[in-house]
Enquirer: 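I have a structure I would like to understand better, so I am pasting it below and will then ask my questions one at a time.
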Amino acid sequence: MEKTYQPSAIETHWYETWESNGYFAPSGEGEPYCIMIPPPNVTGSLHMGHGFQESIMDALIRYHRMKGRNTLWQVGTDHAGIATQMVVERLLDADGKSRHDLGREKFIEKVWEWKEESGGNITRQLRRLGASPDWSRERFTMDEGLSKAVQEAFVRLHDDGLIYRGKRLVNWDPKLHTAISDLEVISEEKKGHLWHFRYPLADGSGHLTVATTRPETMLGDTAVAVHPDDERYQHLIGKNIKLPLTDREIPVIADDYVEMEFGTGCVKITPAHDFNDYEMGQRHQLPMINIFNDDAEINTNAPEKYQGMDRFVARKQVVADLEELGLLEKIDDHNLKVPYGDRSGVVIEPYLTNQWYVKTQPLADEAIKSVEQGDINFVPKQYENMYFSWMRDIQDWCISRQLWWGHRIPAWYDDAGNVYVGRSEQDVREKYSLAAELTLKQDDDVLDTWFSSGLWTFGTLGWPEQNDFLKTFHPSSVLVTGFDIIFFWVARMIMLTLYFKKEVPFHTVYVHGLVRDSHGQKMSKSKGNVLDPIDLIDGIDLETLVEKRTSGMQVPQLKTKIEKMTRKDFPEGIAAYGTDALRYTYYSLASTGRDINFDVGRIEGFRNFCNKLWNASNYVLMNTENEDCGQDGSQNFQLSLADRWIISRLQEAEKAVSEGMNTYRLDLASQALYDFIWKDYCDWYLELTKPVLWDDNASADIKKGTRRTLIRVLETILRLAHPMMPYITEEIWQRVKPLAAAEGDSIMLAPYPVADESKIDTQACADIEWVKGFIIGVRNIRGEMNIAPSKQLSVMLKNGEENDKRCSSEYSHFLKKLAQLDEVRWLNEGEKEPLSATALVGDLEILVPMAGLIDKDAEIARLKKESEKLEKETSRLQGKLGNAKFVDNAPAEVVEKEKTKLADAQNALGKIAEQIQKISEI
RNA sequence: AGGACCAUAGCUCAGUUGGUUAGAGCGCUACCUUGACAUGGUAGAGGUCCCCGGUUCAAAUCCGGGUGGUCCUACCA
């Protein structure tokens, strides 16, 4: 093995080996286990959130694969309608062209070209993470198979009466010229104004005052509403308003939607441009006057003066004109929520258009039931409430988008505007018995990307065709996803899957948190705090990082700020930590669904952990290669105390890690493994093998037992760790396996360790605790007394019980080596005890003679510190045990435990007091 | 406005059905290049478990109220 751990030297090599050998594909044997990847955006690149999510999935997949399950990790990408179309349009724009210059067909060709070029980016990055999906089954939502599923789903839903077309208010993006769903609208609090306008009554008897945040929409007002109980306006109900700036008259109506206390209590009603007004318009059969075009400019329904004006220009103009007419009463400051398109960033306009909808209520009812009944479980559980509350208040889903990139809606129109839905134009003609000469034109719109993603779990497996894969792997086992996508995707997947497959898409939804920066800030390009997982793996120097974070920044101040922050946070750039360390960091932070603040300090710690494992393995190999470690199956070996103890601890570690994996507590699993490897195996066990292996007098059998245990425990550790740190474990395992009599071509196909309760050796554990207590006692004296670690000491023992006598004699070789002692002996009967520093192990007193070694005051100070601690402890326990209520009410074993603690503490305290006395007397 | 989640060491986080001397990593202090490892070892320091009540023999843990933070949902034009 290389002397030092260098992740870059091993990672790509092993990945290529695994992939080219087809190890990622399902084995075809065992109980199926399946995870469907939440398809990343094909235009995208890997961010920390992906890294986190994919690492979790890979750990679960590798774990279950090693446990012998027939494991499928279905991989693929999403065509991301709007995002992808925008990227390609931007490219065209650089050449001064628009998609309309190219025309639909040519444009789509361009998109495909671009996808071929850049679409591999994210899958390449996935590979760098060590992800082990079945690449041979990679799918793309625009592929033929998925497209067929989408078409089939649309036609069936339509024929079943669950898809309809209607003219309604939608969220319109005036920049992208498409409808978007509620979920794609981000509302942000903005400072705005509340304009108060006087609307004159038509009969000349005066006016009323309305308040609005959107003056320009008054051009489309078709009523003014007041509350039916509002005494101020009773007399106005039923009268007409002469709508200023127009030649229209509109009625004053009564509706209890109006809040009397807000504004003036009079609301202008614009049914074509506001969701609430739309509903009120429906209730009162008000006309709807659309005053905008697709660009949100004033159209010809408005007075000529305003036609062609942008909405914000029109706003100013309307206000100015009303002011000139003396109708502007006042302008108040007002905070309001403004809807923005999450892709385009422009203000979204409620806009009347023809769109396709899915009737969601019947689907939602089933979807709710499946979670209520426990057919689907959320982890953590509280996300079920979020899911229910959304599902119970669900709106029909607008699924048409006015884009070119996506699944084109399988609907055709004749010249009279009749709609026919079918699998193709031919199919439509047959299905509806249409004359051959009737001209049909396909709908121009495409489907919402989430419509296709909703079919992901079964569409990727070949549906609507029935095949073995679909039968074997659907429903999938677990969906790993972020909570931000529960509505977008999870909910819709559940609805559509239940409808088409009559079964759930997955049994468990494991919801993880968001990855934030170390200060808890959301990572975003504009904040300049994004970390690229690949940079954490490969490292990046400061200048490149600054350049990367600030490139394309338009605002110079922002650029300066980001640069400053980056230089402060990463003065040395970022070191190359390797994939295994990055993955381990993710796991360590993956607790109960809460957000994680990613701190580079953590990853450094885990890089060190990898290094530790590497060096420990190096030690083990040095001592086992070309040696008899029982790899031939021979039984002539003997286990030392340390061997029996580490084997015992290994069982507990195996149990803890598996429990963590099974309950989606990867943080607990990784912690248990970390502690076992570093604290038990490296800190203690490896040290305890040295007195055996380096002892010329030790028997061949016991040396063999130690070597055998060294190598076999290491081999097990590697398998235990493999799902979390795939590369380093494979690299080492290949060297270790022959010595441990393990078989197989790759660790990823080796069996996962299972705890064997019968190997838990409580006696060995108790004895090791004794040995550790002894050693730590001596080390403590050394540390606090400033005795050089290299200085060999002679210690004497007194006051011990039988067990202390046994342990001190059986394990003296361990004590001598690890505590650097050249002699350990019991005080003889009647022998005068030399002045000593003392350590206690239960009743046993360890005496370290002070002559020439120890500063008297230092020893007194040390003992006093110890005795203060014990005094606090005793008084606490005495208080507790002196309380009759505690003694009477607490379970006997709890009381007993406290009593023992008190006795031990008092005993120790007495001995220390005695010692302080002795030393002080000199 | 309603709801969810969170608040534990300087920082990032664990802490199970109430009973631990409240833990880890990083950082900090002292000592140490001893034959796997200085990406290391040994020994330490460091906590009003956000605040106030309550339940209980016993609360970081359960309940109520507050404060602060994050997020979601719905919004009054």
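Each chain gets a letter, A, B and so on, in the order the sequences are listed, and its residues count up from 1. Here the structure is a predicted model, which is why all the values come from computation and not from measurement.
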Enquirer: Does a salt bridge link A/Arg735 with A/Glu625, judged by any charged N lying under 4.0 Å from a carboxylate O?
Expert: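 Result for this pair is yes, salt bridge flagged.
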Enquirer: According to a cutoff of under 5.5 Å between the ring centres and under 30° between the ring planes, does A/Trp694 stack with the base of B/rG35?
Expert: yes
Enquirer: Give a yes/no on whether any side-chain N or O of A/Asn597 is located under 4.0 angstrom from OP1 or OP2 of B/rC13.
Expert: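 Answer yes for this pair, as a side-chain N or O of A/Asn597 is under 4.0 Å from OP1 or OP2.
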Enquirer: With a cut-off of less than 4.0 Å, is there a side-chain N or O of A/Arg665 near OP1 or OP2 of B/rG15?
Expert: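 It does, given that an N or O in the side chain of A/Arg665 lies less than 4.0 Å from OP1 or OP2 of B/rG15.
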Enquirer: Tell whether A/Glu384 reaches the base of B/rA4 with its side chain through a donor-acceptor pair below 3.5 angstrom.
Expert: no
Enquirer: Taking atom P of B/rG40 as reference, at what distance in whole Å does atom CG of A/Leu613 sit?
Expert: 14 Å
Enquirer: By nearest heavy atom, map A/Gly601 and A/Ser617 onto RNA chain B; which one lands nearer the 5' end?
Expert: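 With A/Gly601 and A/Ser617 compared, the 5'-side residue is A/Gly601.
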Enquirer: With respect to the phosphate group of B/rA36, does any side-chain polar atom (N or O) of A/Lys690 fall under 4.0 Å of OP1 or OP2?
Expert: yes
Enquirer: Is any side-chain N or O of A/His196 closer than 4.0 Å to OP1 or OP2 of B/rA77?
Expert: no
Enquirer: If only side-chain N and O atoms of A/Asn385 are considered, is one of them under 4.0 Å from the OP1 or OP2 phosphate oxygen of B/rG3?
Expert: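 So the side chain of A/Asn385 is outside the cut-off, no N or O lying under 4.0 Å from OP1 or OP2 of B/rG3.
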Enquirer: May I ask you to check whether A/His284 and A/Asp255 show a side-chain donor-acceptor distance below 3.5 Å?
Expert: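 Looking only at side-chain atoms, A/Asp255 and A/His284 do form a donor-acceptor pair, the distance falling under 3.5 Å.
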Enquirer: What nucleic acid atoms does A/Leu621 come within less than 4.0 Å of, heavy atoms only: base, sugar-phosphate, or nothing?
Expert: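 Here A/Leu621 touches no strand at all.
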Enquirer: Determine: side-chain N/O of A/Lys3 to OP1/OP2 of B/rC37, distance under 4.0 Å, yes or no.
Expert: yes
Enquirer: Please work out which of the three classes, parallel, tilted or perpendicular, describes the rings of A/Tyr584 and A/Tyr674, given edges at 30° and 60°.
Expert: tilted
Enquirer: Return the nucleotide paired to B/rG53: Watson-Crick means purine N1 to pyrimidine N3 with N6-O4 or O6-N4, wobble means G-U with N1-O2 and O6-N3, both under 3.5 Å.
Expert: B/rC63
Enquirer: Ignoring backbone atoms, test whether A/Asn608 places a side-chain nitrogen or oxygen under 4.0 Å from the OP1 or OP2 oxygen of B/rG40.
Expert: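 Checking B/rG40 against A/Asn608, a side-chain N or O does come within under 4.0 Å of OP1 or OP2.
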Enquirer: So what's B/rC26 paired with, Watson-Crick or G-U wobble, going by both distances under 3.5 Å?
Expert: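 Base-paired to B/rG10.
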Enquirer: Is A/Lys869 near enough to B/rU21 that one of its side-chain N or O atoms lies under 4.0 angstrom from OP1 or OP2?
Expert: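 So the side-chain polar atoms of A/Lys869 never come under 4.0 Å of the phosphate oxygens OP1 or OP2 of B/rU21.
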Enquirer: A/Lys703 vs A/Glu627, test: salt bridge (charged side-chain N to carboxylate O under 4.0 Å, His left out). Steps then yes/no.
Expert: CA-CA 10 Å; A/Lys703 284 192 176 184; A/Glu627 300 279 355; over 6 Å; no
